[in-house]
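Before any comments, here is the structure.
Only heavy atoms go into these numbers, but all of them, side chains included; no hydrogens, no water, no symmetry mates. Order of the sequence lines sets the chain letters (A, B, ...), proteins ahead of strands, with each chain counted from 1.
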2 protein chains.
Amino acid sequence: MPVERVRRRIPEATVARLPIYLRILGERASEEVECISSEGLAELAGVNAAKVRKDLSYLGSYGTRGVGYEVAFLVYQIRRELGLTHDWPVVIVGAGNLGQALAGYNGFGERGFPVAGIVDIEPAKVGSVIGGVRVRHIDDLPQIVQSRRVSIGVVATPPTSAQDAAERLVRAGVTSILNFAPVVLAVPRGISVRKVDLAVELQILSYYEQRRVGVGLQAVGSNDSTRGASA
Amino acid sequence: MPVERVRRRIPEATVARLPIYLRILGERASEEVECISSEGLAELAGVNAAKVRKDLSYLGSYGTRGVGYEVAFLVYQIRRELGLTHDWPVVIVGAGNLGQALAGYNGFGERGFPVAGIVDIEPAKVGSVIGGVRVRHIDDLPQIVQSRRVSIGVVATPPTSAQDAAERLVRAGVTSILNFAPVVLAVPRGISVRKVDLAVELQILSYYEQRRVGVGLQAVGSNDSTRGASA
DNA sequence: CGCGCTTTGTGAACGTGTGCACAACTGCAT
DNA sequence: ATGCAGTTGTGCACACGTTCACAAAGCGCG
């Protein structure tokens, strides 16, 4: 078992679901559940059981036929596969409304993504403390990224500054970006970008909402978290 | 509306991209650009030109060969298709960190999703004013939803209260939900749910970040459905 | 030990999404 | 008019993702 096998490529759609399974398994583990079937996990995750089995099969054959999956072991395997065996400090660019909310949200640190720093271009914002972290000037970005070994940056600026923020992050050495600004970031090859755009989500809901009136009800577009990451 | 043409079903992946095109076209329009080619739009959206043409073809044949697409007309068509010809008031459940940030974020109203109300279960939070909207008690939900004709609800509660919030929303008459809580909501058939989960996004980035170290590979999923990443 | 019950792991079929390549068409110059 | 350069719209092939269906395998019990 200690044989580190060649790392299989895991389909993007599966990668997007693993965190969901992980959270559910964690909850189950804290309720002293030791074993779970693909059927049970599927129900809790809101997906098909066959999909769960196929997803998990990419990690290896870690289930026991006739029984199910050992929760604790599965948690370990998923965490390992997702690279969650150690913390990933993040740096937030933009200390406005959103940046503050993100920094003040403890869920980040709890889930292995401690906020290593918050920066803003506005000198007036520098110095205040949010969620235990002092806001620093954006010029300090390279120093923060290097000293804290940050590889993930969060863009929480107004749209007009987002591209600049991204470029500064990349220059400072960040290789993954989570973008909250409603713009399409242009980044060099090899930099992963994921986007969270509230307006887009609402507009998608609007589409299905609008269709609803015309015809009767119908199944709705589920959230495909199946978005690529990587340029 | 017999004359109203039969509504083609638009692929989900396309629906998810239309809002992106819409935003870009809006920006171009405000810069007095009258016409844009699929190539040009594709570059700005970080996608393939053929994909843009196919996406737009679902709306109808609104381009001019040899020329491109008339920006203003395209904006109109996309807005119509997405149901953005009128506002969609939203109600936010949860006046915590995130709920406040969302309510204070003007982008919502500007993009056609005015905040019709914010509610919280905590009496202590009721009464304060955020972004011009007074926080009300969650028991007022049905009244708000009905009087303001709200069909979209936003769940911004802690995870443990999210399912309850969703059920209250549905009972009050909401048919679409945007969920920020890290839980899988169980809702009746016919209710649309979209999820925004920061931890999941970060964990996906973690996966690619972790792979990066092992091998010097990059560019895993190349193009993606919803996200924009260009180089 | 063997039998029946349960559940996994996966081959294969199907459905959805993507990208190429090119015919069809437009507008302009001559 | 005719030709040419540019761009759309789409058929087609391929890649990716989902679901079914079932053999293989573990477990408990008599």
Side-chain angles (χ1 to χ4, degrees), chain A residues 5 8-18 20-21 25 33-71 73-74 77 204 218-230, chain B residues 8-18 20-21 25 33-71 73-74 77 204 219-230:
Chain A
R5 85 194 54 187
R8 313 146 292 278
R9 189 191 135 274
I10 296 186
E12 218 169 297
T14 295
V15 172
R17 280 187 297 265
L18 288 178
I20 312 283
Y21 300 152
L25 291 168
V33 176
E34 289 183 359
C35 193
I36 193 168
S37 69
S38 62
E39 181 68 42
L41 183 50
E43 178 145 346
L44 293 168
V47 302
N48 182 295
K51 199 184 282 185
V52 169
R53 291 200 296 276
K54 186 147 286 192
D55 284 343
L56 297 183
S57 78
Y58 291 114
L59 309 183
S61 288
Y62 296 140
T64 305
R65 296 175 187 219
V67 179
Y69 300 86
E70 200 205 321
V71 174
F73 186 59
L74 206 47
Q77 290 299 339
I204 294 171
Q218 97 271 307
V220 279
S222 65
N223 233 22
D224 59 67
S225 305
T226 314
R227 311 73 161 226
S230 247
Chain B
R8 307 149 294 279
R9 188 190 135 275
I10 296 187
E12 214 170 302
T14 295
V15 172
R17 280 188 296 266
L18 288 178
I20 312 283
Y21 301 153
L25 290 168
V33 176
E34 291 183 359
C35 193
I36 193 168
S37 68
S38 61
E39 182 68 40
L41 182 50
E43 177 144 351
L44 293 168
V47 301
N48 181 296
K51 199 183 283 185
V52 169
R53 291 200 295 276
K54 190 151 286 189
D55 284 342
L56 297 182
S57 77
Y58 291 113
L59 308 182
S61 288
Y62 296 140
T64 306
R65 294 174 188 221
V67 179
Y69 300 87
E70 200 204 320
V71 174
F73 187 58
L74 208 46
Q77 290 298 339
I204 295 171
V220 185
S222 67
N223 281 349
D224 48 69
S225 36
T226 310
R227 264 81 238 284
S230 64

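When all heavy atoms are compared, the tightest approach of V71(B) to L25(B) is CG1-O, 3.5 Å.
Straight-line distance from the NZ atom of K51(A) to the C1' atom of dT16(C): 12 Å, rounded to whole Å. For the pair Y62(B) OH and dT26(C) P, the interatomic distance rounds to 17 Å; values are reported in whole Å. The distance between atom CG of N48(A) and atom C1' of dC14(C), rounded to the nearest whole Å, is 14 Å. Between the C1' atom of dC16(D) and the CG atom of D55(A) lies a distance of 13 Å, rounded to the nearest Å. Taking atom CZ of R53(A) as the reference point, atom P of dA21(D) lies 12 Å away to the nearest angstrom. To the nearest angstrom, P of dG17(D) lies 9 Å from CZ of R17(A). Taking atom CG of L56(B) as the reference point, atom P of dG19(C) lies 15 Å away to the nearest angstrom. Spacing between atom CD of E39(B) and atom C1' of dC20(C) amounts to 14 Å, rounded to whole angstrom units.
Contact annotation: S37(B) side-chain N/O to dT7(D) OP1/OP2 distance is not under 4.0 Å. For dG9(C), one of the phosphate oxygens OP1 or OP2 lies less than 4.0 angstrom from a side-chain nitrogen or oxygen of Y69(A).
Side-chain to base pairing of K54(B) with dG19(C): one donor and one acceptor N or O lie within less than 3.5 Å of each other. Donor-acceptor pairing under 3.5 Å, judged by distance alone, is absent between the side chain of R65(A) and the base of dT7(C).
For T64(A), taking side-chain heavy atoms from C-beta onward, the closest of the listed nucleotides dC20(C), dG26(D), dG9(C) is dG26(D). Here the nucleotide nearest the side chain of A50(B), chosen from dG17(D), dT19(D), dA21(C), is dA21(C).
Residues I10(A) and L59(A) have side chains in contact (heavy-atom distance under 4.5 Å, counting atoms from C-beta outward). With contacts defined as side-chain heavy-atom distances shorter than 4.5 Å, the pair L74(B)/Y21(B) does not qualify. Here the side chains of D55(A) and V47(A) are not in contact, with every heavy-atom distance at 4.5 Å or above. At a threshold of 4.5 Å between non-hydrogen side-chain atoms, the residues Y69(B) and L56(B) count as touching.
Residue whose closest nucleotide on DNA chain C sits further toward the 5' end, between V67(B) and S57(A): S57(A).
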